[in-house]
**Q** 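Got a structure for you, written out below as structure tokens; questions coming shortly.
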Number of protein chains: 2
Amino acid sequence: MALGKDYVTQECSIARALEVVGERWTLLVVRDAIYGVRRYNDFLAHLGIPRAVLSARLRTLTEEGILEKRRYQESPPRDEYVVTERGAALWPVLRALGRWGREHVDAHRLRLFLHADCGGEVEPYGKCAACGTLVPVADVVMVPGPELDSAPADPVSRALLRPKRLLEPLETEPPQPAH
Amino acid sequence: MALGKDYVTQECSIARALEVVGERWTLLVVRDAIYGVRRYNDFLAHLGIPRAVLSARLRTLTEEGILEKRRYQESPPRDEYVVTERGAALWPVLRALGRWGREHVDAHRLRLFLHADCGGEVEPYGKCAACGTLVPVADVVMVPGPELDSAPADPVSRALLRPKRLLEPLETEPPQPAH
DNA sequence: AGACATAGGTTCAATGAACGAACTTACGAT
DNA sequence: ATCGTAAGTTCGTTCATTGAACCTATGTCT
């Protein structure tokens, strides 16, 4: 369903995957979710996505079991979207895309991914260059690369400048008290 | 440009990649090109994509240097689209998507990828399970898996049932002489 | 009490992309 | 002269995306 009329004739697991995550914005929402973004307004600020499209993507990703909608406070009722194991399994897809983007579109090293246990760099296929382990997503620490903008406009990008473990919730700055 | 209004706010190589190959149908066209499909009508038959959309994708993929348009006969003038090195570099992305699709959407093993030199199976991250080499795309042989439809309707799918090396041109059946 | 702020949405009109059918071009074969 | 083929283009309809405005429930400031 994800692509309106889907790739029905395709007997291929690539097409199956793209039916679920191939729509515009979808993989960027998943990327942000893996980066630890969980709240509607944070996705909104970081992605610059239209609200209606974000609502639609969050709904279908939740239906597909890639995100899980979770009440994090009553009164006022507030929900957050947490990436599931199924969603985290998309990490290799994102690494592969990121590698291709860096090598074939734009050579900047914007973010580095390090192994939390040993500090070694995690290679695109998930192995730690230092100790050789296949690093699970939860043990990856993301740090800004040398060429990443160090003073971005939106608060979510700023929060993502601090080294942080993937999957852990992102902590954004508390809102400034009014003037 | 590939996504109309593109992901401009995104300082991220994943977003960069998706600007180029994130549109509907694009990755499936690249997949087919890596499988050896080269001709307009073969893409058409295999993908079931609207002609106008196929024309648009072939044009932008050519402009992006992912495919190369090549005259294969004069009189009548006929062109084919051959995947470039830049396009073949998307193979890991497609493998990662295919793996996710198989593990998290639909468990069928539709195609197997073997190392041409030793016959071992090529793992999702490109290593041969038998001999351990990181297998270049050109040395991958694709064979139908046990659960792939053995009598598909379109001639391109039928041609893809025979074991074939990736990147090598696909040979479709010659058209049947009229009744 | 009233005004404003916050989080997480929905609604809607305008635009843009995808769809599918029909048509075109340039040839070769019967 | 007609048919067939490969590689397209054109066009009207439908569907998706966009951005702005609005809505709801609650908490906070004065």
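Naming convention: chains lettered A, B, ... in sequence-line order (proteins, then strands); numbering from 1 in each chain.
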**Q** A:L44 CG to D:dG19 P: how many Å, rounded?
**A**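 Rounded to whole Å, this separation is 11 Å.
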
**Q** Report yes if a side-chain nitrogen or oxygen of A:W25 is closer than 4.0 Å to either non-bridging phosphate oxygen (OP1 or OP2) of D:dT18; otherwise report no.
**A**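 Answer yes for this pair, as a side-chain N or O of A:W25 is under 4.0 Å from OP1 or OP2.
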
**Q** Regarding A:V53, tell me which of base, sugar-phosphate or nothing describes its non-hydrogen contacts under 4.0 Å with the strands shown.
**A**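 Here A:V53 touches the bases of the nucleic acid.
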
**Q** Provide, to the nearest angstrom, the distance between the CD1 atom belonging to B:I49 and the P atom belonging to D:dA7.
**A**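 After rounding, the gap between these two atoms is 15 Å.
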
**Q** Return the value, rounded to whole Å, for the distance between atom NZ of B:K69 and atom P of D:dA6.
**A**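 After rounding, the gap between these two atoms is 16 Å.
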
**Q** Does any pair with a residue in residues 108-124 of chain A pass salt bridge (Lys or Arg N to Asp or Glu O under 4.0 Å), and if so which ones, sequence neighbours excluded?
**A**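 Of all non-adjacent pairs touching residues 108-124 of chain A, those that pass salt bridge (Lys or Arg N to Asp or Glu O under 4.0 Å) are A:R109-A:E121.
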
**Q** Please collect all ring-ring contact (aromatic ring centres under 6.0 Å, His included) contacts where either partner lies in residues 103-131 of chain B, sequence neighbours excluded, each pair once.
**A**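 For residues 103-131 of chain B, and leaving out neighbouring residues, the ring-ring contact (aromatic ring centres under 6.0 Å, His included) pairs sorted by first residue read A:Y125-B:Y125, B:W91-B:F113, B:W100-B:H104.
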
**Q** Nearest heavy-atom pair of A:M142 and A:L166: which atoms, and what distance?
**A**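 Reported closest heavy-atom pair: CB-CD2, 4.0 Å.
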
**Q** Between atom CD in B:E80 and atom C1' in D:dA7, what is the gap in whole Å?
**A**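 Going from B:E80 (CD) to D:dA7 (C1'), I get 13 Å.
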
**Q** Does a side-chain N or O of A:S55 approach OP1 or OP2 of C:dT10 to a distance below 4.0 Å, or not?
**A**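 So the side-chain polar atoms of A:S55 do come within 4.0 Å of the phosphate oxygens OP1 or OP2 of C:dT10, strictly under.
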
**Q** Quick one: ring-ring contact (aromatic ring centres under 6.0 Å, His included) pairs with a partner in residues 55-85 of chain B, sequence neighbours left out?
**A**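 Sorted pair list comes back empty.
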
**Q** NA contact type, B:R59, heavy-atom cut-off 4.0 Å: base, sugar-phosphate, or nothing?
**A**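 Nothing: the residue B:R59, judged by heavy atoms under 4.0 Å, touches no strand.
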
**Q** At 4.0 Å (heavy atoms only), tell me whether B:Y72 reaches a base, stays on the sugar-phosphate, or touches nothing.
**A**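 Counting heavy atoms under 4.0 Å across all strands, the contact made by B:Y72 is with sugar-phosphate only.
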
**Q** Does D:dA6 have OP1 or OP2 sitting under 4.0 Å from an N or O in the side chain of B:Y81?
**A**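 False: B:Y81 side-chain N/O out of range (4.0 Å or more) of D:dA6 OP1/OP2.
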
**Q** Classify every nucleotide of nucleotides 22-30 of chain C by which part a protein heavy atom approaches to under 4.0 Å, writing B for the base, S for the sugar-phosphate alone and - for neither, in 5'-to-3' order.
**A** B---BSS--

**Q** Rounded to the nearest angstrom, tell me the gap between atom CG in A:L54 and atom C1' in D:dA16.
**A**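 Value for this atom pair: 16 Å.
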
**Q** For B:E85, give me all partners under side-chain contact (heavy atoms from CB on, under 4.5 Å), at least two apart in sequence or on another chain.
**A**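 side-chain contact (heavy atoms from CB on, under 4.5 Å) list for B:E85, sorted by chain: empty.
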
**Q** List in chain and number order the residues that pass side-chain hydrogen bond (donor to acceptor under 3.5 Å, both in side chains) with B:R59, two or more places apart in sequence or in another chain; answer none if no residue qualifies.
**A**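 Per chain and number, B:R59 pairs via side-chain hydrogen bond (donor to acceptor under 3.5 Å, both in side chains) with no residue.
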
**Q** Considering heavy-atom distances to DNA chain D, does A:A52 or B:A52 have its closest nucleotide positioned more toward the 5' end?
**A**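 On the 5' side of the pair lies B:A52.
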
**Q** Got a sec, which pairs hit salt bridge (Lys or Arg N to Asp or Glu O under 4.0 Å) with one end in residues 37-58 of chain B, sequence neighbours left out?
**A**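 Found B:E23-B:R57, B:R38-B:E80.
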
**Q** Heavy atoms within less than 4.0 Å of DNA chain C: which residues of residues 31-40 of chain A have one? Give them sorted by number.
**A**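 Close to the strand are A:R39, A:Y40.
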
**Q** Looking at B:K127, I'd like to know if its NZ atom is crowded, meaning that more than 12 non-hydrogen atoms belonging to other residues, nucleotides or ligands lie closer than 6.0 Å.
**A**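 Open.
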
**Q** Let me know the distance between CG of B:N41 and C1' of D:dT9, rounded to the nearest Å.
**A**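 Checked: the CG to C1' distance equals 14 Å.
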
**Q** When the distance from CZ of B:F43 to P of D:dA7 is rounded to whole Å, what number comes out?
**A**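 Taking CZ of B:F43 and P of D:dA7, I get 10 Å after rounding.
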
**Q** Expressed in angstrom and rounded to an integer, what is the separation of B:D42 atom CG from D:dA7 atom C1'?
**A**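 One finds 12 Å between C1' of D:dA7 and CG of B:D42, rounded.
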
**Q** D:dA16, OP1 or OP2 - any side-chain N/O from B:R24 closer than 4.0 Å?
**A**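 Indeed not, no polar side-chain atom of B:R24 lies that close.
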
**Q** May I ask you to decide if A:C12's main-chain N or O and B:R31's side chain share a donor-acceptor pair within less than 3.5 Å?
**A**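 Absent.
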
**Q** Which pairs pass salt bridge (Lys or Arg N to Asp or Glu O under 4.0 Å) with one or both residues in residues 96-107 of chain A, sequence neighbours excluded?
**A**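 Output for this query lists A:R99-A:E103.
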
